[in-house]
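The structure appears right after this line, and notes come after that.
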Amino acid sequence: GQQVMQIPQYQHVQEGEDFTTYCNSSTTLSNIQWYKQRPGGHPVFLIQLVKSGEVKKQKRLTFQFGEAKKNSSLHITATQTTDVGTYFCALERDSNYQLIWGAGTKLIIKP
Amino acid sequence: GAVVSQHPSWVICKSGTSVKIECRSLDFQATTMFWYRQFPKQSLMLMATSNEGSKATYEQGVEKDKFLINHASLTLSTLTVTSAHPEDSSFYICSATAIGTGGNQPQHFGDGTRLSIL
């Protein structure tokens, strides 16, 4: 079945450093969604990418959708403590709005 | 907008007890609600998809008699963990998508229910 690989599993950064997480699919995607889950919290929708090569920005967050629509990335510039959490990509399954979730990348700020 | 309320947030009960979890969309009508289970430090595992007025669709390996889902209205879905045992202890979380424009809609999540079976 359709799968998505998300790497890395964890990323430790100093506050102020950048963070990037990547998602890859073996099949062409119609769209991809990104969510953030704070520790102890629930996933919160961040953005949906639909177009080939699309780049969207939300303040310090930059989301990209590959030209072939098989991969996507989330880049955070100059991380802050409020960015801590796990970032998931998710792609739509064949029907009924079900999502297939990446494993998530946990952003950890080094003390 | 797009608020989903999940109740209760924490349950501790004895083995053999049945536990009911409610998921409500407060300010929108949800065509579809999803029930997930999340183990510590892991991703979300879809258990079932719930459509208003019809039977839920369960993922492979999820026992439908164990996890009863009812989606009685466009704003309420319930998950009942029947005769819960310690291995059912987990974080259960629901999400909902809104009726509307069609195409892929984001999922809006409840706060989750942490279930601990003694």
Side-chain angles (χ1 to χ4, degrees), chain A residues 1-11 21 23 25 28-51 54 56 58 63 65 69 72 84-108, chain B residues 1-7 9-10 21 23 25 28 30-52 54-62 71 91-114:
Chain A
Q2 199 171 19
Q3 289 185 338
V4 59
M5 187 173 72
Q6 185 172 1
I7 56 171
Q9 189 176 3
Y10 299 95
Q11 192 167 0
T21 174
C23 281
S25 168
T28 303
L29 306 173
S30 56
N31 57 72
I32 193 163
Q33 298 180 8
W34 286 93
Y35 292 79
K36 176 185 178 182
Q37 185 176 22
R38 292 179 186 271
H42 61 270
V44 174
F45 174 75
L46 294 176
I47 208 160
Q48 177 174 280
L49 304 174
V50 179
K51 299 177 184 175
E54 188 168 20
K56 286 189 176 179
Q58 290 179 352
F63 303 85
F65 203 8
K69 299 181 73 173
S72 181
V84 163
T86 301
Y87 293 83
F88 293 96
C89 63
L91 48 106
E92 187 183 41
R93 210 151 84 176
D94 295 333
S95 62
N96 212 13
Y97 305 126
Q98 294 168 336
L99 292 176
I100 298 169
W101 293 79
T105 298
K106 188 172 184 178
L107 168 58
I108 301 165
Chain B
V3 178
V4 175
S5 172
Q6 185 172 342
H7 179 80
S9 55
W10 201 295
I21 303 170
C23 182
S25 56
F28 67 100
T31 38
T32 307
M33 289 185 172
F34 303 91
W35 288 96
Y36 293 90
R37 187 170 177 177
Q38 188 175 32
F39 293 100
K41 300 181 182 181
Q42 293 191 22
S43 188
L44 288 84
M45 184 189 81
L46 180 64
M47 299 175 65
T49 302
S50 172
N51 292 299
E52 184 264 340
S54 63
K55 289 185 179 179
T57 304
Y58 289 82
E59 294 299 301
Q60 194 171 11
V62 178
H71 195 152
F91 186 59
Y92 293 87
I93 190 163
C94 72
S95 69
T97 55
I99 294 175
T101 57
N104 200 19
Q105 298 291 319
Q107 293 187 12
H108 305 286
F109 286 83
D111 287 337
T113 298
R114 206 161 294 279

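Side chains included, hydrogens not; waters and symmetry mates left out as well; all remaining heavy atoms used. Note on naming: letters A, B, ... go to the chains in the order of the sequence lines (proteins, then strands), and numbering restarts at 1 for each one.
- Here the CD-OG1 distance, from E52(B) to T31(B), works out to 9.5 Å after rounding to the nearest 0.5 Å.
- The closest side-chain donor-acceptor pair between D111(B) and S9(B), if any, does not fall under 3.5 angstrom.
- In this view, S95(B) and Q107(B) satisfy the side chain to side chain donor-acceptor pair (under 3.5 Å) rule, not counting sequence neighbours.
- When P39(A), A103(A), S30(A), A90(A) are compared by the number of non-hydrogen pairs under 4.5 Å with chain B, A103(A) comes out ahead.
- Proximity to chain B (any heavy atom under 4.5 Å) is restricted, for Q37(A), to the side chain, taken from C-beta onward.
- Under the ring pair (Phe, Tyr, Trp, His ring centres under 6.0 Å) criterion, Y36(B) pairs with W101(A), F109(B), sequence neighbours left out.
- Between chain B and the residues G40(A), G104(A), G102(A), P43(A), the largest count of heavy-atom pairs under 4.5 Å involves P43(A).
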